[in-house]
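Working notes, structure below.
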Amino acid sequence: MLKIEQLSKVYKGGKKAVDDMNLEIERGEFVAFIGTSGSGKTTAMRMINRMIEPTSGTIYLDGEDLAKKNPVALRRSIGYVIQQIGLMPHMTIRENITLVPKLLKWTKEKKDQTAERLIELVNLPQNYLDLYPLQLSGGQQQRIGVLRALAANQDIILMDEPFGALDPITRDTLQDLMKDLQQRLGKTVIFVTHDMDEAIKLADRICIMHNGQVIQFDTPDNILSNPANEFVREFIGSHRLIQEKPSAKIVDDVMIKPITITSEKSINDAIRLMVKKRVDTLFVVDGQNHLRGYIDVESLTAARHTTTSISEAMEKDVFYVQNGTKLQDSVRRILKRNLKNIPVVDEEKRLVGLVTRANIVDMVYDTIWGDEDTENDGNSNNQEQQTGADEQQN
Amino acid sequence: MIDFVTQNSGAIVQKTWEHLYISAIALILGIIVAVPLGIVLSKLKKTAKIVLGITSILQTLPSLAILAIMIPFLGVGKVPAVIALFIYTLLPILNNTYIGMNSVNQDLKAAGISMGMTKIQSIGMVELPLAIPVIMSGIRLSAVYAISWATLASYIGAGGLGDFIFNGLNLYQPEFIIGGAVLVTVLALITDFILSKVEKWATPKGLKVER
């Protein structure tokens, strides 16, 4: 989709910001440009929407030479999220989201529909559309910043260290949100960062840059297992190399079967089921096993006197991971959010499993003793089920 | 003092109107010229230094001198007075427009351009709305200047509240001097108050909200 050929940028005074860069990015890929400051990663990205003109070399978008396109029209077709959020303070959230549609002269109805549809994607209420950016928190503002880059159905989105200025928890939430949106909407994202954790978490492929040159362009797993040279090894840091060694277990390897209930059942049914299965949390699913929420002892006791239906008593805000996610990532999420456990869903949000705090213990065990205990593998799954259930009781 | 008001009530209304009218025309001309010029200058940094240098020199010329210089060219009356006042209103508006446009956050300008705004759209949709509070305070300053200097316009026969003061000086009637001065001050204060309301109204709502 995007092909970068022999791209160079030399600034006045002879400083080579980007030096003979060659890359090919596929449609729907999430690519991170990473490097220290001055590595040329931002310059490289800004040449894609022609905020910076290359000194030599060509960028092809779907086979078309970018230099031959009108830069203004090009920028309207490429989403852009900047580090400082950059929402227009004098425009409402609605006007901010539909800024590019406005430049493209969409009708008011179409703009309103877009804004209303998009704000739901980032879990913000509709009435926020008429607020101003200063009335929102930094994290909320950057959600809008992301939406602004999506509003005109841009296929490519450029992100310039978009979450750098946010606190770690907000950043984590927004990273999840971004990855989810990118997968769901099939966008091609090019993401500039200097945070290796962020790159590993989000990117399908990582492009490591140094002094304007591409040092390595590969998937996170390949980079972590086969760093191209000493620089890459140092850049990613030895702790990550070791961490990744237990050959990247995924959640599917360890997840247990969660206890579920459907939402039309009554609260009494839920209590009976909890007692029978000896757990304190039930996951609420619909007929097709889609995850709708969860219900735990606290929410049950709170709701017992006001309602008898599970759909009213259940907690709809539930953090989940997709199957195929690295175990390490989900454990990190459990720890960061102080969750008891985290459900695993497939692409269509059907509940397929559950990762519990017991898995943290396994992770610690694994990293300390490695894979010595291969002979115990047969019953370890069983044990996990047990500990998992115990954990849920606490 | 009360005698002054009761005996001259007709003249007071008429002179106040004249005064206001001279200042208002000068101010409006100043806005029409200085705001667009300031916007253009904010895009041409080198020319801006020269132009702002010239206007500050104009500002330092004594106002009586300017009025006197006008007489050989434009004669006496309201026209030279308005032109002289117009020159005085230029600098504060020009200066503030220039500063206001330049003080708009660079990241926001870059964001606008990278969303695909043309330069004109960036000025109209981003820079100008955000510069309005600064431009408005320049206009307020100019308005107060114009009203106080319009007093001198009476000297070249333009009328206005200055007539009371000059008459008072010539006829040695202190109540005329004080009455005229008080009226000019009150007029300037009222204008400034009204313009402060206009400034509040013109400032984009998003810049005034609090969390």
Checklist entry - salt bridge (charged side-chain N to carboxylate O under 4.0 Å, His left out): which pairs involve residues 70-93 of chain B, sequence neighbours left out? => result Glu18(B)-Lys78(B)
Checklist outcome for this item: Value for CG (Leu74(A)) from OG (Ser114(B)), rounded to nearest 0.5 Å, stands at 11.5 Å
Checklist entry - Which answer fits Leu207(B), side chain, backbone, both or neither, if we ask what part of it has an atom under 4.5 Å from a heavy atom of chain A? => result both
Checklist entry - Taking atom CE of Met115(B) and atom CG of Asn96(A), what is their separation to the nearest 0.5 Å? => result 9.5 Å
Next on the checklist: Please report the interatomic distance OH(Tyr132(A)) to NZ(Lys205(B)), rounded to the nearest 0.5 Å.
Outcome noted: 5.0 Å
Next on the checklist: If you count every heavy atom of other residues, nucleotides or ligands that lies below 6.0 Å from Tyr155(B) atom OH, does the total exceed 12?
Outcome noted: no
Item to check | From CE (Met125(B)) to CD (Glu95(A)), nearest 0.5 Å | outcome: 8.5 Å
Item to check | Residue Lys179(A) excluded, over 12 heavy atoms near NZ under 6.0 Å | outcome: yes
Checklist entry - Looking at Leu158(A), Leu103(A), Leu104(A), which one has more heavy-atom pairs under 4.5 Å with chain B than the rest? => result Leu103(A)
Checklist entry - Where along residues 84-113 of chain B does a heavy atom come under 4.5 Å of chain A, listed by residue number? => result Asp107(B), Leu108(B), Ala110(B), Ala111(B), Gly112(B), Ile113(B)
Checklist entry - Got a donor-acceptor contact below 3.5 angstrom from the Arg76(A) side chain to the Gly116(B) backbone? => result yes
Item to check | Lys119(B) atom NZ, neighbour heavy-atom count above 12 within 6.0 Å | outcome: no
Checklist entry - Going through the checks in order, is the side-chain contact (heavy atoms from CB on, under 4.5 Å) test met by Met117(B) and Leu99(A)? => result CA-CA 9 Å; Met117(B) 286 185 185; Leu99(A) 190 61; 3.8 Å; yes
Next on the checklist: Are more than 12 heavy atoms, taken from residues, nucleotides or ligands other than Ile169(A), located less than 6.0 Å from that residue's CD1 atom?
Outcome noted: no
Checklist outcome for this item: Looking only at heavy atoms, the pair that brings Leu130(B) and His90(A) closest together is CD2-ND1, 3.5 Å
